[in-house]
A.B. asks: 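For reference, the structure I am asking about is given below.
The residues of the chain are indexed from 1 along the displayed sequence.
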Amino acid sequence: MEQREDSLCLVTAFMDIGRGEWQTFTRSVKEYIASFMPYLNLNHDLIVFIDQTYSSSLQWILEKDPPVANVKIIPIDREWMNTNIRAYSKLEMEGKIMESQNYNGIIGHRKHCPECSHPEYNIMQHAKIDFVCYAIENELSKASHFAWTDFGYFKSSAMLNPKGTNKLDLGRFDLDRINFQTINPIEDRDQQTMYTLQCAPEKIGGFFYLGSRDLLLSYQKLYHQVNDEFHRMGLVDDDQHFMIKCYFRRKDMFKLWDLNGWHKIYTTFCV
């Protein structure tokens, strides 16, 4: 497949892991779907991996008049995940560690947080790069660059640039590196595993990142190296912690955009 020069494909995914029934950090499927809908106004290729329970409903929305032409829907279930998504094969280990006495002795004060108590939540965070790389390796888009973007990103319309065309300006990103958005500046102490695990400082946002095909494939290997090392230490955490680890190991690979807050990509980089 011939690539389009300096073009972008957005990749997102949603699997219903029962978050609507949680006691804390609750978020319903209806809320997720509503937060997804603004993507249909963006002028980029969009690949949506979605729980097969909801894929037909989303397909119906896309086929309404006028149809949305630049969206591909990939229905998924847990069998599909286990076959195609490397992170999902680690679900059992994730659960065992969360239940272990050693781990709970470290993060007991954070047990209410989903990254410390819901194994499938963590796995879906770690699967983000796998979804992106699946799209790349299976040539689901001709784009030269790909970006992960959370399915439930748009909790309000203010997260889109009201004055822009709702198209991300690739020229404003560093296309020779993977672009992360920081919420607060990175500090040296952020590379200390126990500090980040116990304090959970808000540093790199896992809701969006962008890079070239080759760089993202390399990032996938680095990311899973970090994940495997955590498991060997009897530890688990979310994607934001792993992104910090990846940054400190390969600073040359990443460009950090300090935007001083959450979810500011589309308000900052849309033209």
A.B. asks: Step by step, would you call F269 with F173 a ring-ring contact (aromatic ring centres under 6.0 Å, His included)?
C.D. replies: CA-CA 8 Å; F269 291 97; F173 291 94; 4.2 Å; yes
A.B. asks: For this output row, return yes or no: ring centroids of W80 and Y134 closer than 6.0 angstrom.
C.D. replies: yes
A.B. asks: Under a 3.5 Å threshold, yes or no: a donor from one side chain and an acceptor from the other, between Q198 and H109?
C.D. replies: no
A.B. asks: Find out if a path of hydrophobic residues (ILVMFWY) with successive side-chain heavy-atom gaps under 4.5 Å connects Y195 to F230.
C.D. replies: no
A.B. asks: Spell out, as yes or no, whether a donor-acceptor pair under 3.5 Å connects the side chain of K245 to the backbone of Q191.
C.D. replies: yes
A.B. asks: Distance alone, cut at 3.5 Å: any donor-acceptor contact between the side chains of Y54 and D16?
C.D. replies: yes
A.B. asks: Verify salt bridge (Lys or Arg N to Asp or Glu O under 4.0 Å) between R86 and D228, making sure each step is shown before the conclusion.
C.D. replies: CA-CA 11 Å; R86 179 177 175 184; D228 291 341; 3.4 Å; yes
A.B. asks: Regarding D252 and R177, does a basic nitrogen lie under 4.0 Å from an acidic carboxylate oxygen?
C.D. replies: no
A.B. asks: Between E120 and R19, is there a side-chain N and carboxylate O pair less than 4.0 Å apart?
C.D. replies: no
A.B. asks: Answer yes if the side chains of S141 and K72 hold a donor-acceptor pair under 3.5 Å, and no otherwise.
C.D. replies: no
A.B. asks: Between OG1 of T182 and CG of N184, what distance do you get to the nearest 0.5 Å?
C.D. replies: 7.5 Å
A.B. asks: Give me the atom names and distance for the closest heavy-atom approach of G206 to D239.
C.D. replies: CA-OD2, 3.5 Å
A.B. asks: Working to the nearest 0.5 angstrom, can you tell me the gap between L235 CG and N227 CG?
C.D. replies: 11.0 Å
A.B. asks: Quick check against the 3.5 Å criterion: does T196 have a side-chain atom that pairs as donor or acceptor with the backbone of H241?
C.D. replies: no
A.B. asks: For the backbone of E115 and the side chain of D238, can you confirm whether one donor and one acceptor N or O come within less than 3.5 Å of each other?
C.D. replies: no
A.B. asks: Is the number of heavy atoms from other residues, nucleotides or ligands within 6.0 Å of CE (M93) greater than 12?
C.D. replies: no
A.B. asks: Please tell me if the side chains of I74 and I50 come closer than 4.5 Å, counting only heavy atoms from C-beta onward.
C.D. replies: no
A.B. asks: Using 0.5 Å steps for rounding, measure from the CG atom of D77 to the OG atom of S55.
C.D. replies: 10.0 Å
A.B. asks: Do H118 and M98 touch side chain to side chain, with heavy atoms closer than 4.5 Å?
C.D. replies: no
A.B. asks: Is any side-chain heavy atom of I33 closer than 4.5 Å to one of L58?
C.D. replies: no
A.B. asks: Quick check: closest heavy atoms across V11 and W148, and the distance to 0.1 Å?
C.D. replies: O-CE3, 3.3 Å
A.B. asks: Applying salt bridge (Lys or Arg N to Asp or Glu O under 4.0 Å) to K128 and D150, what does each step give before you reach the verdict?
C.D. replies: CA-CA 9 Å; K128 293 175 181 180; D150 277 1; 3.2 Å; yes
A.B. asks: Provide the closest heavy-atom pair for I47 versus A135 in the form atom of the first, atom of the second, distance.
C.D. replies: CD1-CB, 3.8 Å
A.B. asks: For D237 and N122, which heavy atoms make the closest approach, and how far apart are they?
C.D. replies: O-ND2, 3.3 Å
A.B. asks: With a 4.5 Å limit on heavy-atom distance, are the side chains of W257 and R172 in contact?
C.D. replies: no
A.B. asks: How many angstroms lie between CG in L46 and CG in L140, if you round to the nearest 0.5 Å?
C.D. replies: 11.5 Å
A.B. asks: What's the verdict on salt bridge (Lys or Arg N to Asp or Glu O under 4.0 Å) for R213 and E139, showing C-alpha distance, side-chain angles and the deciding distance?
C.D. replies: CA-CA 10 Å; R213 292 167 172 258; E139 295 291 351; 3.4 Å; yes
A.B. asks: Apply salt bridge (Lys or Arg N to Asp or Glu O under 4.0 Å) to K111 and E99, showing your working.
C.D. replies: CA-CA 10 Å; K111 192 62 178 177; E99 295 172 359; over 6 Å; no
A.B. asks: If the condition is ring-ring contact (aromatic ring centres under 6.0 Å, His included), which residues does Y39 pass it with, not counting sequence neighbours?
C.D. replies: F36, F154
A.B. asks: Write down the atom of S35, the atom of K155, and the distance for their closest heavy-atom approach.
C.D. replies: OG-CA, 3.8 Å
A.B. asks: Could you give me the CA-CA distance, side-chain angles and deciding distance for F254 and Y219, then say whether ring-ring contact (aromatic ring centres under 6.0 Å, His included) is met?
C.D. replies: CA-CA 10 Å; F254 304 101; Y219 174 51; 5.6 Å; yes
A.B. asks: Just by distance, do the side chain of S218 and the backbone of D214 share a donor-acceptor pair under 3.5 Å?
C.D. replies: yes
A.B. asks: Verify the distance criterion only: is there a donor paired with an acceptor across the side chains of Y223 and H126 at less than 3.5 Å?
C.D. replies: yes
A.B. asks: Hey, could you give me the SG/CD1 distance between C246 and I178, rounded to the nearest 0.5 Å?
C.D. replies: 8.5 Å
A.B. asks: Quick one: CG on D174 to CG on L215, what's the gap to the nearest 0.5 Å?
C.D. replies: 9.5 Å
A.B. asks: Considering only heavy atoms from C-beta outward, does the side chain of F14 approach that of V29 to under 4.5 Å?
C.D. replies: yes
A.B. asks: Who pairs with F208 by ring-ring contact (aromatic ring centres under 6.0 Å, His included), at least two apart in sequence or on another chain?
C.D. replies: Y266
A.B. asks: A cation-pi test, strictly: NZ or CZ of K264 under 6.0 Å from the centre of the six-membered ring of W262 and no more than 45 degrees from its axis. Yes or no?
C.D. replies: no
A.B. asks: Please name the residue in the list L170, L8, V71, T149 that meets the side chain to side chain contact (heavy atoms under 4.5 Å, CB included) test with H44.
C.D. replies: L8
A.B. asks: Looking at T26 and G20, would you say the former's side chain and the latter's main chain have a donor-acceptor pair under 3.5 Å?
C.D. replies: no
A.B. asks: Using a strict 4.0 Å threshold on nitrogen-to-oxygen distance, state whether E187 and K203 make a salt bridge.
C.D. replies: yes
A.B. asks: Does either side chain, that of S117 or that of R110, offer a donor lying less than 3.5 Å from an acceptor on the other one?
C.D. replies: no
A.B. asks: Under a 3.5 Å distance rule, please check whether E31 uses its side chain to pair with a backbone N or O of G152 as donor and acceptor.
C.D. replies: no
A.B. asks: Determine the minimum heavy-atom distance between R78 and I17, stating which atoms define it.
C.D. replies: NH2-CA, 3.9 Å
A.B. asks: Hey, are the side chains of M81 and I76 touching, using non-hydrogen atoms and a 4.5 Å cut-off?
C.D. replies: yes
A.B. asks: Applying side-chain hydrogen bond (donor to acceptor under 3.5 Å, both in side chains), run through S100 and N102 and close with a yes or a no.
C.D. replies: CA-CA 5 Å; S100 69; N102 177 67; 5.4 Å; no
A.B. asks: Apply the test side-chain hydrogen bond (donor to acceptor under 3.5 Å, both in side chains) to residues E94 and H231: give CA-CA distance (whole Å), side-chain angles for both, the deciding distance (0.1 Å), then the verdict.
C.D. replies: CA-CA 8 Å; E94 198 84 7; H231 280 185; 2.8 Å; yes
